[in-house]
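Structure first, commentary second.
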Amino acid sequence: MGPAEEGRQKAGGNVANFRSSAASSLGKRGAALHVSSVIVILSGAARVSRPPCRSVVEAMKRYSALAIAREAARYHRGWERAWASPEPKGDYEIVIVGAGGHGLATAYYLGRNFGITDVAVLEKGWLGGGNTGRNTTIIRSNYLQDPSAAIYEKARALYETMSRDLNFNVMFSPRGVMMLAQTEHERRGYLRTVHANALQGVKTEFITPERVKELVPIIRIEGPRYPVLGALWQPRGGTARHDAVAWGYARACSAMGMHIIQNCEVTGIVSEGGRVSGVETVRGRIGCRKLAIVVAGHSGRLAEMAGFRLPIESVALQALVSEPVRPVLDVVVMANTVHGYISQSDKGELVIGGGTDGFNNYTQRGSFHHVEETVRALVETFPIISRLRMMRQWGGIVDMTGDRSPIISKTPLEGCFINCGWGTGGFKAIPGSGWAMAELVARGTPGPLAAPFGLERFREGRFIDESVAAGVAH
Amino acid sequence: MLILECPFCGIMADETELAPGGEAHVRRVGPEGSDEAFEAYLFMRRNPCGVHFELWRHAHGCGRWFIAARNTLTLEVYGTYPAQTDRPPAAIVRAIRRRVPGWEWQP
Amino acid sequence: MSLRLSSGGRLIERDRPLDFTFNGRRLRGLAGDSLASALLANGQMLVGRSFKYHRPRGVVASGVEEPNALVGLGRGGRFEPNRRATTVELFDGLEAVSQNHWPGLGFDLGALNDLAARFLPAGFYYKTFMAPRGAWEKLFEPLIRRAAGLGRAPEEPDPDGYEHFHVHVDVLVIGGGISGLQAALTAGRTGARVMLVEQGPHWGGRAPVEGVRLDGRPAAEWVDAALGELERMGNVHLRRRAMAVGVYDHGYALLHERVAAHTPGDGRPRHRLWKVRARRIITATGALERPLAFVGNDVPGVMLASAVRDYVVNWAVAPGRRTVVVTNNDDAYRSALVLREAGLEVPAIVDARPQADGPLVQRAREMGIRVVSGSAIAGVKGRRRVRGVRLCAHEGEGAVLEEIACDAVAMSGGWSPVVHLWSHCGGKLLWEEGQAHFRPDPQRPPTGADGAPLVFAAGNANGRMETAAALADGQVAAEAALKALGTGRERGGARAPLPAVAPEEVAPMLPVWLMPRKAGAKARMKMWLDFQNDVKVSDVELAAREGYESVEHTKRYTTLGMATDQGKLSNINGLAVLSEALGQPVPQTGTTTFRPPWAPVSFGAIAGEARGDLFQPVRETPIHRWHETHGAHWEPVGQWRRPYAYPRDGESLHDAVIREVRNARQAVGLLDASTLGKILVRGPDAGRFLDMIYTNMMSTLKPGRCRYGLICNENGFLIDDGVVVRLDKETFLCHTTTGGAERIHEHMERWLQTEWWDWRVFTADLTEQYAQIAVVGPKARALLERLGGMDVSRESLPFMEWRAGELAGFAVRVFRISFSGELSYEIAVPAGQGLALWERLVEEGAAFGIMPYGTEALHVMRAEKGFIMIGDETDGTVIPQDLGLGWAISKKKADYLGKRAHQRPHMTDPNRWKLVGLETLDGSVLPDGAYAAAEGVNENGQRKVQGRVTSSYFSPTLGRGIALGLVEHGPERMGEVLAFPATGGRIIRARIVSPVFYDKDGEKQNV
Amino acid sequence: MSEREAARLRLRRGPGLGMIALRCAPHVPGLGEALGGALGGMRGAALPERGRIVSANGGAVAWMSPDEWLLLCPRERTAGLLERLSRELAGEHHLLADVSDARAVFTLSGPGWREALARLGPADVSPAGFGAGMFRRSRLGQVAAAFWISGPDELRLFCRSSVAGYMEALLEGAARGEGPGIFDAPGA
């Protein structure tokens, strides 16, 4: 149990008083402000010891089969907004830029673990509209390096209970993730990962080609080009409904009285004496004591506003789905030697992803030859998909760091924190990332999850390189 | 799918004939450089949303490295030129200014 | 009951019947039929079931936009799910089955969902299935998954072939209707390279159906004339059944051509994927008719008015005998007229507009058709088949005024231009109030590499809905495209006069997003927007109510437009309903993003020829065939295949490796080392250059000598190693690892071209010019001496030197280098003679007990010697200092690639893990990649570690397991025992020893 | 392959050509003469412009990159040519290498060769985009290749010798079938 959780236990006593206000605040902005200001006063000096908000679920009008039945009687006219749509206040204690999964999760855990709810999450477009809503929804934590394994496993564990925590079904589906070993080198790499994971508390195993075939009957294990020599198997990895993750967090944050402000692009960052004091937005200036930048592909632009540079490059990553067919693939399969990964959604679509473009691109459109390479690989590996069809193809802007691992860090600008660089692997990390980022922002110093991901590592040459185990694709 | 003219062959090369090489005009920092300078040289990239200078190799052609001046948002290409230079040629700068008034080259 | 009419049908050949089956029933159609028209001709209106509620579904459209009539086609390896019956050309023996039902199409248990529909609103699954804990995973999701998908996937590999085709044109014209034809004519006449493509099997688009007359002649005649002229031009290529599916940046357009889809197994490729490089693109892609949202608008028998027209005119098929037309515009009246002319009944035209007049309305009245204006459909009677409609006032809440018996309904909600291809690359749209549709905004087109407009929309696709305007627009678009080409060609072409078209007078349409306008909540739950995904007006309104206000949120929450038709029929209606729910104008709501492909593309077509043997290139050495015929077990190394070992009959791989190692150590072995990189570096500055590339000092190497060198990247990490040979004063030959050959050559060239371009150095990758054969073992020298030729004695060819000369008549270079620790010669000959030399060595070596050995024996022998292997001891995070290779890092040099990086705090950290040897206490082989555990856990609760295994083998020479590993302070901890937790809870103990297990003083290689 | 297809395109491995890679600055005095002389009897004519190839007496010189040329000659002349050139270029900074064995040559004859190439690579091989005297380095399938028109209805191409098997299979596949006939139209 992490320090934040212990804190929550201690602070349990104050929960009731918060809960009632939060409940009354739902849909009533005035009340929401009131609640947050109460918190500010409550907080006093020691911010961290503030009453955490455990009452998210209670604060919301619960979702359940019963609620649906009740609403059905009146043609579903009684449902409330999942999240409020308030006008921005003049200032907040914490402003988070970016209402994607990572930004919203950061806000959620600020409230849940630290009782900080005077929070605004500013979104340029529509919440969850960035990579959160454009990825292939894979969740796994079979990473090689300790820091990665720690944060991705934290995230995976939180996904296990997310639907109930948020009272929003994010459809986490631990159907198992398989990474094929198709060369001796890859086999050794995955064996290494299995050994590392065992010591990291991540449950993985290396399975035989026969077991692979058993789990994925439509696969061709004999090659011909790259016979399957086995696979790295994480039985509790899987997928989740990506949009639902953003929506569930948004609903919970809104219920805590936080402000989620969409269509509110940040155009500048205001600072006084080397300390952040607010942001300029298309909807006017918004003051804040702390600023969290969580904008993935656009991190470079925000950093520029804040006056520092990042070891980041933005490139296009593409994904595609097939027309829906009856289930033929019950696990997630990743084949890194041939650059393709694939799973089948609960709707029946094959969800497919591959490599990234090698050049800077802000268009959310990629080059077709990457799709071609990926499809080619998957047709070779799963011959029966040849007559299925690509229904939709899209791209996202992913932010790649110098070592392809994320950044959760303080910045040269005091009071300004950044969470970025998740590259092609952000979705699976959302809860862990939010948890670690909330701790960093609330305390001003990183906890054990975030500590290794500081910006300074690039100067020191202390990299967190996952490509080592060929785990390039996400 | 980009098409870039190889300034050496004069061929309008398809992206699949080329290999990208990252930001251009990055000055090497040697043993005498400070930690900060060295970090910047290796990792800190402009990553602009707009005018960008980028190294490309005509991999399935003459094998030469050239630089493409292009826009990362519109994908407009202002021009290409041999990589054997530490700054964009005047003609390229003019071409960019025609499309992006007031744009300035920053080394 | 749909039926085939006794006369008419411009596309069918009545004297050429075709037999086909639907759900096993033998049916008969005609040549020229689409599967949909043939099914309708056989009275088969019910063709499928919807996704969510399993509602009965009938054909609603006549083209690619069809959301309902999805069937499984063919059998076995040629089975294909989810095919739109409307775009399948009928052929003899076609087999089709309906989808998404059990046990049958008629009686489907899934339809129970429909009864529970009220309890299954949009996004209901986000609100439930959460309790009790684990129920989602164990119970609910499996249930949902069982219901997933529409058709089933094939169960056998695809026997058909696919191919790609690249083509470069000045102008690509997409759409073979009259606008596209006119555009192609205009562009073609200037001599520009033009390609005109049509997604369907027929040219002319809708004009021939509409009975349009050009220059007083039927449209079809003008179309034929236009095609004739285009075919005569040498510079225009025409293509039917070639659907433009995507427009990508810089004018890259993707066409999906169905070459043999309608003639399966005729030997031709099934599909051809065209990769068109177009300097300019014209989208004359037409428009799609919108359905109307009224209660029961999804009942089989309710069809788009234009589709009704198509079926009657093109295939002489009618959806029913009594068709009620419901509309908000004039165009649908054409359907009424067509039906009447075909001798069918039209009991009424239900027009939502307060008053209906205008020429078309007049003509309908003149033909005695009853026009009920200001009215709407309150509901459709029937479940699996339309039995009648109830009328009400459009402005009201739906109070039924009368009932009309009918067996079909033709609906029209107005037309929307097909703007997909325009939008793929960033083209923007504007909202046209008068037509209530989005059309391309000429001010904000997609732009090309030159920053100028890339795509030009024409005709209906550009919102020009009348024939004359559409024709003229084709010409305008072509001229604009040519102008943008800047070839001056636009002046070249003589502007031919446009054909005369009789003016059409059309009364304004009335935007109708649901009917009647004030319909109650209950009714809205029965008005379908997305027929396939069962998204209704009430669902979109629910999304808006719950705050899913962005059109993207609504789409994702309700799944509107996410079906296989990607919302071709539902999107505009959906976002209009959303806009009304939010009380904002449609443009403010905006559209969802249009993404490729315009219609689904087979994965086979995308993969093209790259399947089986052509999936990826296999690289072969000159000696490859010999390995093959001598039982090599292959190991893929990059694109190469190298022999892993040569197992003999009945011999296991493991035993083969042991035999090969022993033989090389005791007698003589042969290794095909041809894959090693060989880069020639030459010039006055070559030494200076290699001093930068390698961590060692290479400029001091004497001609005739060899030196083992290390290459780091600027980040300080070891990326390659190999032996550098000085051929003469100005010339070096750099050997790299197999994987390194191209990588390192590119690395060198990059530095030469982008950093040190004034240095006088040339490089050349000669990897494949030479075959390289390692002759390894105590008897190696004897064997070479037996071959005869150059002196290979210790005196004239010492260790780490090389000589050029002759062996057995071959002109060779012999390098005395060793990666095995044995006496070893690496012999290079021109690749063409590689096999001959190899065979000669095998032959002459017989007397010495020579055996070839593979990569695994190579690995074992180098591990026994403690030699590192790039990719095993290194992984992109290891620096030479970690590997005890400090001796290979020149202290004298001011600079080399990686030097600055090596000075960073983390690189000089004394706690970095260092290379050691590891010996298990019980002699067993340590598991690959095992970690050495340390005491306690870190802050994240992870067990602390102090080292790991980088290579681990059974050593035949020592008869025990040996391993190399990286261990914290390893070299200072000789003799210490580490614990390696293995899988299954076992703990293996191993002692830290020197990494050199064999011939510690290196005498054997030096004899 | 059907006779019809064979008439459209015939694929042949070879001929085995002598190949010499020469790298040096283009402005080296007498370079053209050296090359011309090497081929025999084409004084100064043998320095092809970029993207082109010049042929004479069974030999040819192709432009590979601004400072690289490829000499093509009968195999047996390779050694002699190498010697002669290194003599003539002595004193100039240059690199000469025999690469005859590093590359595999194929010959495509028959009108179908343009379509065969168009099936495999992105280069514009229409008559408008690729004509006699041009030397194109590009991609076929997944490997690098270079090709030029070596006679009426005849194309010659080469690739790395290690991928000769792949290239042969690729070309055989591309030679099969009718093709869309896009280059058949007069003047297309």
Side-chain angles (χ1 to χ4, degrees), chain A residues 63-65 68 72 75-77 79 81-83 126 129 146 150 163-164 168-169 173 183-185 188 191-192 195-196 199-201 225-226 243-244 323-328 346-348 368 372 375-376 379-380 383-394 448 460-462 465 467-468, chain C residues 80-82 118-119 121 124-130 141 144-145 148-154 157-158 248 521 542 545-547 550 552-553 556 564 595-597 600-604 606-607 610 615-616 635-636 871 875-877 901 904-907 928-931 933 939-940 942-943 945:
Chain A
Y63 287 159
S64 69
I68 292 176
Y75 307 112
H76 301 282
R77 274 175 299 186
W79 292 110
R81 298 181 62 94
W83 53 82
W126 42 283
D146 284 354
S163 295
R164 292 168 66 85
F168 198 102
N169 191 345
S173 171
T183 65
E184 271 302 313
H185 181 258
R188 289 201 200 93
L191 282 169
R192 181 180 165 190
H195 286 107
L199 297 165
Q200 292 155 341
R225 189 66 178 81
Y226 296 103
D243 294 320
E323 292 181 322
V325 288
R326 296 262 168 224
V328 288
D346 284 347
K347 208 166 168 295
F368 183 76
E372 190 178 316
V375 168
R376 183 197 295 157
V379 168
E380 192 63 16
I384 65 142
I385 73 170
S386 171
R387 289 175 98 89
L388 302 185
R389 297 186 295 271
M390 173 171 81
M391 179 171 77
R392 185 177 177 86
Q393 169 205 347
W394 66 92
E460 297 167 357
R462 181 179 45 77
D465 189 342
S467 61
V468 166
Chain C
E80 189 188 10
N82 303 339
R118 185 191 273 204
F119 300 93
F124 72 98
Y125 30 74
Y126 297 121
K127 296 173 176 160
T128 179
F129 300 141
M130 288 177 280
E141 193 191 18
I144 290 174
R145 260 184 110 65
L150 291 163
R152 59 177 178 83
D158 185 349
Y248 299 81
L542 173 63
R545 191 176 308 128
E546 292 193 88
S550 150
E552 283 286 351
H553 282 151
R556 290 151 182 261
T564 60
R595 298 282 190 180
V601 182
S602 67
F603 288 136
I606 295 172
F615 168 56
Q616 271 186 17
E635 171 182 4
D875 63 4
T877 69
R904 291 173 299 185
H906 188 65
M907 301 283 183
D928 272 313
Y931 275 76
E939 285 176 297
N940 288 316
Q942 300 169 314
R943 179 73 182 269
V945 289

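Within every chain, numbering begins at 1; the chains are lettered A, B, ... in the order of the sequence lines, protein sequences first and strands thereafter. Side chains are part of it too, since the values below use all heavy atoms of this structure and drop only hydrogens, waters and symmetry mates.
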Set out, in order, the CA-CA distance, both residues' side-chain angles and the distance that settles side chain to side chain contact (heavy atoms under 4.5 Å, CB included) for A:Arg392 and C:Arg595, then state yes or no. CA-CA 6 Å; A:Arg392 185 177 177 86; C:Arg595 298 282 190 180; 3.3 Å; yes

Angle class for the A:Phe168/C:Tyr126 ring planes (parallel below 30°, perpendicular above 60°, tilted otherwise)?
-> parallel

Please examine the side chains of C:Tyr931 and A:Gln200, heavy atoms only from C-beta on, and report whether any two atoms are closer than 4.5 Å. no

Turns out that what part of A:Glu380 lies under 4.5 Å from chain C's heavy atoms comes down to side chain

Side chain to side chain contact (heavy atoms under 4.5 Å, CB included) evaluation trace for A:Arg81 with C:Glu546: CA-CA 4 Å; A:Arg81 298 181 62 94; C:Glu546 292 193 88; 5.9 Å; no

Whatever's closer than 4.5 Å to a heavy atom in chain A on C:Leu542 counts as side chain

### Message
Quick one, C:Phe603 and A:Arg376 - any side-chain contact, counting heavy atoms below 4.5 Å?
### Response
no

With chain A, the option among C:Ala933, C:Pro600, C:Ala610 that has the most non-hydrogen atom pairs under 4.5 Å is C:Pro600

For C:His906 and A:Gly461, the nearest pair of non-hydrogen atoms, with its separation, is CD2-O, 3.3 Å

- Message: Would the distance check show the side chain of A:Asn169 and the main-chain N or O of C:Tyr125 forming a donor-acceptor pair, the cut-off being under 3.5 Å?
- Response: yes

Tightest non-hydrogen contact, residues C:Pro154 and A:Leu388, listed as CD-CD2, 3.8 Å

Residue set satisfying salt bridge (charged side-chain N to carboxylate O under 4.0 Å, His left out) with A:Arg462, at least two apart, ordered chain then number -> A:Glu456, A:Glu460

Per-residue tally against chain C (heavy atom, under 4.5 Å) across A:Gly201, A:Ser173, A:Gly129 peaks at A:Ser173

Of the listed C:Glu939, C:Arg943, C:Arg545, the one with the largest count of heavy-atom pairs under 4.5 Å with chain A is C:Arg545

Rounded to the nearest 0.5 Å, the CZ atom of C:Phe124 sits from the CD1 atom of A:Ile68 at a distance of 7.5 Å

For A:Arg164 and C:Met130 the tightest heavy-atom approach is NH1-O, 3.1 Å

Yes or no on side chain to side chain contact (heavy atoms under 4.5 Å, CB included) for C:Asp875 and A:Arg192, after CA distance, side-chain angles and deciding distance?
CA-CA 12 Å; C:Asp875 63 4; A:Arg192 181 180 165 190; 2.8 Å; yes

### Task
Would you check, one step at a time, whether the test side chain to side chain contact (heavy atoms under 4.5 Å, CB included) holds for C:Asn82 with A:Arg389?
CA-CA 9 Å; C:Asn82 303 339; A:Arg389 297 186 295 271; 3.6 Å; yes

Chain A shares the most heavy-atom pairs under 4.5 Å, among C:Pro905, C:Pro636, C:Pro597, with C:Pro597

- Query: If only atom types and distance count, is the side chain of A:Asp146 paired as donor or acceptor with the main-chain N or O of C:Gln942 below 3.5 Å?
  - Reply: no

Taken in chain and number order and not counting sequence neighbours, the residues that satisfy side-chain hydrogen bond (donor to acceptor under 3.5 Å, both in side chains) with A:Arg77 are none

Looking only at heavy atoms, the pair that brings A:Arg326 and C:Leu150 closest together is NE-O, 3.5 Å

Bottom line for C:Thr128: the part with an atom under 4.5 Å from chain A's heavy atoms is both

Separation between CG (C:Asp928) and NE2 (A:His195), nearest 0.5 Å, reads 8.5 Å

Honestly, the part of C:Ala930 sitting under 4.5 Å from a heavy atom of chain A is both

Taken to the nearest 0.5 Å, the spacing of A:Ile384 CD1 from C:Arg152 CZ works out to 10.5 Å

When the 4.5 angstrom heavy-atom criterion is applied to C:Glu141 and chain A, the contacting part is side chain

When the 4.5 angstrom heavy-atom criterion is applied to C:Phe119 and chain A, the contacting part is both

- [ ] Keeping the roles fixed (side chain from C:His553, backbone from A:Asp243), state whether a donor-acceptor pair exists under 3.5 Å.
- [x] no

_Less than 4.5 Å apart, side chain to side chain, heavy atoms only: is that true for A:Val379 and C:Phe615?_
no

query = Judged by atom type as modelled, is there a donor-acceptor pair below 3.5 Å linking the side chain of A:Arg387 to the main-chain atoms of C:Ala153?
reply = no

Scored by heavy-atom pairs under 4.5 Å with chain A, the best of C:Pro157, C:Gly871, C:Ala901 is C:Gly871

Nearest heavy-atom contact between C:Pro81 and A:Val325 is CG-CG1, 3.9 Å

Residues A:Asp346 and C:Arg145: closest non-hydrogen pair is OD1-NH1, 2.8 Å

